[in-house]
Amino acid sequence: MPELPDVEGFRRVVSDHAVGARVEGVQVADEGVLRGVSGRVFRRRIVGATLTEPHRHGKWLVVPLAGSGGAERPTGHPTEHRPDDPSVVFHFGMTGGLSWVPAERVGEEPPHRHDRVVLRTEGGELRFRDMRKLQGIRLAESDHAVDVLLGGLGPDAATVTAAGFRQQVRPLRRQLKPALMDQTVIAGLGNLLVDETMWRAGLRPDRPTAGLDDAALNRLHARMRTVVRHSMRHGRVPANPSWLTGHRDPGQDQICPRCGTPLRRGRVGGRTTVWCPRCQPG
DNA sequence: GGTCTTGTTGCACC
DNA sequence: AGGTGCAACAAGAC
């Protein structure tokens, strides 16, 4: 599932329920989702720390910690994140997710077999579930380490300006869809969002980026922003009848909701791609 | 069995 | 250097 809007939904889960909570325990059911850190170190760093306001860049979710690891401090438990405090950094791959289970419901909601890591706080549990373990959880030791980790990403798809978008895309000489999927170009777009965006912009996914003038790039940017913002409100890419997303898959009608033409299905940039041959001519 | 999958990385190759 | 294609990661659906 997770593209930018899904990750935004996970950010809200943390923001709405877990900010200010002190981590009392960490269960690592499957160490395979921890990247670059052992379960032991991860647990030691996190237990006793307080979760602070999360932020998202593209498909990455950063949860900064206040205070870290074990030792009680004379001042009590700090609740302000400082630049040299660590952050928990999530990437959800294709099948990851984050949910909040309030303490009073923890008993009724037994662990799912794909719940890989659980952070327990007084108010409830933050559960990281991931079927395939294509990505996972990292621990960045400081804000600088977060910057290094995420430094290669392009501007976030939800906030990039038209000028920023043109600047990123214009120099490229490649197919449009793989360009937009590339997280170093624009961060946050996945397969569904990109197909939706190009369908609305009337551009074929396999057309070259070269030849798109400022007006075309501005239009593409505007469509992208509409798709991304609408999806963010839903916390996922909506399977709305007026969206390509509601028609693209076998089991759906696979008819363009705008013109009724049968949709085309193929591979572009190695990914399953759906487009309307009439609305998206060369 | 085979093929497919809403993500990313590393590598060979052009 | 920038771009492309493929395998790998892992686990399930059809």
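As the structure is a prediction and not an experimental result, all values here were calculated from the model. Numbers restart at 1 for each chain; the letters A, B, ... are given by sequence-line order, proteins then strands.
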Chemist: Starting at atom CZ of A:Arg129, determine the distance to atom P of C:dA11, rounded to an integer number of angstrom.
Modeler: 15 Å
Chemist: Any side chain to side chain donor-acceptor pair (under 3.5 Å) pairs touching residues 142-156 of chain A, not counting sequence neighbours?
Modeler: A:Arg56-A:Asp156, A:His81-A:Asp143
Chemist: Could you list the residues that satisfy salt bridge (Lys or Arg N to Asp or Glu O under 4.0 Å) with A:Lys177, not counting sequence neighbours?
Modeler: A:Asp195
Chemist: How far, in whole Å, is C:dG3 from B:dT6 if one measures between their C1' atoms?
Modeler: 24 Å
Chemist: Rounded to whole angstroms, how far apart are NZ on A:Lys133 and P on C:dA8?
Modeler: 18 Å
Chemist: Among residues two or more places apart or on two chains, list those pairs meeting ring pair (Phe, Tyr, Trp, His ring centres under 6.0 Å) that have a residue in residues 11-46 of chain A.
Modeler: A:His17-A:Trp100
Chemist: Please tabulate, one pair per line, each protein N/O and nucleotide N/O from nucleotides 8-10 of chain B that are separated by under 3.5 Å, including the distance.
Modeler:
unit_1: B:dT8; atom_1: OP1; unit_2: A:His91; atom_2: NE2; d: 3.0
unit_1: B:dT8; atom_1: OP2; unit_2: A:Lys59; atom_2: NZ; d: 2.7

Chemist: Please produce a list of atom pairs where a protein N or O lies less than 3.5 Å from an N or O of nucleotides 4-6 of chain C.
Modeler:
unit_1: C:dT4; atom_1: OP1; unit_2: A:Gln175; atom_2: N; d: 3.4
unit_1: C:dT4; atom_1: OP2; unit_2: A:Arg174; atom_2: NE; d: 3.0

Chemist: Report the residues that fulfil side chain to side chain contact (heavy atoms under 4.5 Å, CB included) with A:Arg35, sequence neighbours left out, ordered by chain and then residue number.
Modeler: A:Arg138
Chemist: For the aromatic rings, using the six-membered ring if either is Trp, is the centroid distance between A:Phe10 and A:Phe92 under 6.0 Å?
Modeler: yes
Chemist: If a pair satisfies salt bridge (Lys or Arg N to Asp or Glu O under 4.0 Å) and one of its residues is in residues 271-282 of chain A, list it, with sequence neighbours excluded.
Modeler: none
Chemist: Give each stem of DNA chain C as a range with a range, requiring at least 3 consecutive Watson-Crick or G-U wobble pairs whose two distances are under 3.5 Å.
Modeler: B:2-5 with C:11-14, B:7-14 with C:2-9
Chemist: Report, one line per pair, each donor and acceptor closer than 3.5 Å where one atom sits in a side chain of residues 254-263 of chain A; sequence neighbours left out.
Modeler:
unit_1: A:Arg258; atom_1: NH2; unit_2: A:Trp199; atom_2: O; d: 3.4

Chemist: Could you pull out all residues at least two apart from A:Gln252 that satisfy side chain to side chain contact (heavy atoms under 4.5 Å, CB included)?
Modeler: A:Arg248, A:Asp249
Chemist: The side chain of A:Arg113 is closest to which nucleotide in this list: C:dA11, C:dG12, B:dG7?
Modeler: C:dG12
Chemist: If the P atom of B:dG2 is compared with that of C:dA7, how far apart are they to the nearest Å?
Modeler: 15 Å
Chemist: Rounding to an integer number of Å, can you tell me how far A:His114 NE2 sits from C:dA13 P?
Modeler: 9 Å
Chemist: Only pairs at least two apart or in different chains count here, so list each ring pair (Phe, Tyr, Trp, His ring centres under 6.0 Å) that has a residue in residues 256-282 of chain A.
Modeler: none
Chemist: Ring pair (Phe, Tyr, Trp, His ring centres under 6.0 Å): which pairs involve residues 161-185 of chain A, sequence neighbours left out?
Modeler: A:Phe165-A:His221
